2 protein chains.
Amino acid sequence: MKISKKGEYAIRALINLALNYGKGVTQIQDIAKSEDIPVKFLEQILLSLKNAGFLQSKRGKGGGYLLDRSPDKIKLGEIIRLIDGPLAPLACVSITDHVQCSKEATCGLRSVMVDVKDAISEILDHITLTDVCKRIEGKKDRRLETLMYNI
Amino acid sequence: MKISKKGEYAIRALINLALNYGKGVTQIQDIAKSEDIPVKFLEQILLSLKNAGFLQSKRGKGGGYLLDRSPDKIKLGEIIRLIDGPLAPLACVSITDHVQCSKEATCGLRSVMVDVKDAISEILDHITLTDVCKRIEGKKDRRLETLMYNI
DNA sequence: TACTTAGTCTATCAAATTAGTATATTTTGA
DNA sequence: TCAAAATATACTAATTTGATAGACTAAGTA
């Protein structure tokens, strides 16, 4: 049930860009360094994300990437679907990749997996990059509070 | 986010055996036929399931497999974990395969994936083979009603 | 006892996927 | 024109997936 390294890198890169939203472009090198992703691998990933409409790019000196939409318009589910394919645990319950099966109507396993897919989608198709950024801030704040309290 | 064919076959085989629970052994051949699984592949799968304590076997003429526990004591999550590994989308949120990461406390992605893992586990670690069998019966009943109504 | 049936065990394999590298090209700003 | 940075392909090593093959063991039965 795992997402791939590529998928994880894609999300981390987008979170990184979301944290810098509104502050101009960020270069591949910088993202690679701060997120600890192999540069050449990240190039490919960012290119796919650009072609899929998540990013804008600027070439040449002073170039780099930036989000093409506001981070509250980018949902994690979209990113994972692009890089890793359907969220569904079985092809027969995927909306995007649906493969017909003759026993569908009475299949007990399918029925369970529909529930699982819905539960995953309920989270990943609603949470945005902005939400993730808020979670990060929230956690940092809480750590700071704990730190202050402990002094 | 998919489960493997092997995992799917394992669950289907166990559901098949659950439907025959209390009626003696079932042979690999028969399960393979009714679930449309390659026989030699299924042999391996059933052997793993036996070694993991899901099944009992009887060798020689009149032999076959049967559940080692009542189907209401076997949860889908256990089966998937055995065959496909952790339910968690990222290793850092897996209870069984937990890999430590330095940024854990403030990682926004991790925090989301914890929620996803919990949502998946909430379903798969509670639903049993008996529950799946009931779903099958329920669906058949409903289809029958529809059929009767249409006559 | 010999034969058949059915599970057990281990090895092997082709294809696909994953996680990258490598290299050359194009665009842009200074 | 030079350097920086994205773009575009091609390639590859390792691992995983989805099987297949064959020899072996145990149990019932004629």
Side-chain angles (χ1 to χ4, degrees), chain A residues 1-13 17 24-33 35-68 80 82-86 89-91 97 99, chain B residues 1-13 16-17 20 24-33 35-68 80 82-86 89-91 97 99:
Chain A
M1 307 284 285
K2 267 191 193 150
I3 72 168
S4 67
K5 275 287 167 189
K6 192 171 177 181
E8 184 187 334
Y9 292 160
I11 297 173
R12 291 197 189 284
L17 288 165
V25 301
T26 309
Q27 290 164 14
I28 296 179
Q29 308 268 351
D30 296 335
I31 301 173
K33 200 168 182 183
E35 301 296 336
D36 199 35
I37 303 171
V39 180
K40 297 299 279 180
F41 197 20
L42 183 58
E43 280 184 13
Q44 288 176 28
I45 295 168
L46 293 181
L47 207 50
S48 312
L49 291 172
K50 187 203 161 185
N51 293 332
F54 292 99
L55 300 175
Q56 269 182 34
S57 64
K58 192 165 181 303
R59 289 165 77 145
K61 201 163 189 174
Y65 282 99
L66 43 75
L67 295 185
D68 192 39
I80 296 176
L82 173 71
I83 304 288
D84 283 342
L90 287 182
D97 248 40
V99 177
Chain B
M1 308 282 285
K2 267 191 195 153
I3 72 168
S4 68
K5 275 286 166 188
K6 192 171 176 182
E8 183 186 336
Y9 291 162
I11 297 173
R12 290 198 189 284
N16 187 286
L17 288 165
N20 288 317
V25 301
T26 309
Q27 289 165 14
I28 296 179
Q29 307 269 351
D30 297 335
I31 301 172
K33 198 168 184 183
E35 302 296 335
D36 199 35
I37 303 171
V39 180
K40 295 298 278 183
F41 198 19
L42 184 58
E43 280 183 12
Q44 290 176 28
I45 295 168
L46 294 181
L47 207 49
S48 313
L49 291 172
K50 187 201 160 187
N51 292 333
F54 292 100
L55 300 175
Q56 271 181 34
S57 64
K58 192 165 181 301
R59 292 165 74 144
K61 198 161 192 173
Y65 281 98
L66 43 76
L67 295 185
D68 192 39
I80 296 176
L82 173 71
I83 304 289
D84 284 340
L90 289 181
D97 249 39
V99 178

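Labels below follow one simple rule: chain letters A, B, ... track the order of the sequence lines, proteins then strands, and each chain is numbered from 1. All values reported here derive from a predicted model rather than from experimental measurement.
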Completion exercise
Residue pair A:Ser4/B:Ser57 against DNA chain C: nearer the 5' end by closest nucleotide is B:Ser57

Exercise for the section: Give the minimum heavy-atom separation between B:Gly63 and B:Val25, together with the two atoms involved. Expected result: O-CG2, 3.4 Å

Practice task
Just jot down the side-chain hydrogen bond (donor to acceptor under 3.5 Å, both in side chains) partners of A:Lys5, sequence neighbours excluded, or say none.
Solution key: none

Fill in the blank from the handout: Whole-Å distance, B:Lys2 NZ to D:dG18 P, equals 10 Å

Practice task
Please report, rounded to the nearest Å, how far the P atom of D:dT25 is from the CG atom of B:Leu47.
Solution key: 15 Å

Fill in the blank from the handout: To the nearest angstrom, the CG-C1' distance between A:Leu46 and D:dA6 comes to 10 Å

Exercise for the section: Using atom NZ of B:Lys50 as one end and atom C1' of C:dG7 as the other, report the distance to the nearest whole Å. Expected result: 8 Å

Practice task
May I have the distance from B:Ile45 (atom CD1) to D:dT17 (atom C1'), rounded to whole angstrom?
Solution key: 11 Å

Practice task
Inspect the surroundings of CD in A:Gln29 and state if more than 12 heavy atoms from other residues, nucleotides or ligands are less than 6.0 Å away.
Solution key: no

Practice task
Provide, to the nearest angstrom, the distance between the CD1 atom belonging to B:Ile37 and the C1' atom belonging to D:dA19.
Solution key: 13 Å

Completion exercise
Note: contacts of residues 25-33 of chain B with DNA chain D (heavy atom, under 4.0 Å) are none

Practice task
Could you tell me whether the side chain of A:Asp84 and the main chain of A:Ile3 form a donor-acceptor pair under 3.5 Å?
Solution key: no

Practice task
Please state whether the phosphate of C:dG20, meaning OP1 or OP2, lies under 4.0 angstrom from any side-chain nitrogen or oxygen of A:Tyr9.
Solution key: yes

Problem - Distance, rounded to the nearest Å, where A:Leu42 contributes CG and D:dA6 contributes C1' - result: 12 Å

Problem - Contact pattern, 5' to 3', of nucleotides 21-30 of chain C - B, S or - by protein heavy atom under 4.0 Å - result: BBB--BBBS-

Practice task
Could you check how far CD1 of B:Ile83 sits from C1' of D:dA19, rounded to whole Å?
Solution key: 14 Å

Practice task
Would you mind reporting whether A:Gln27 and A:Tyr65 have side-chain heavy atoms less than 4.5 Å apart?
Solution key: no

Problem - A:Asp36, A:Ile31, A:Ile45 screened by side-chain contact (heavy atoms from CB on, under 4.5 Å) with A:Tyr9, the one that passes - result: A:Ile45

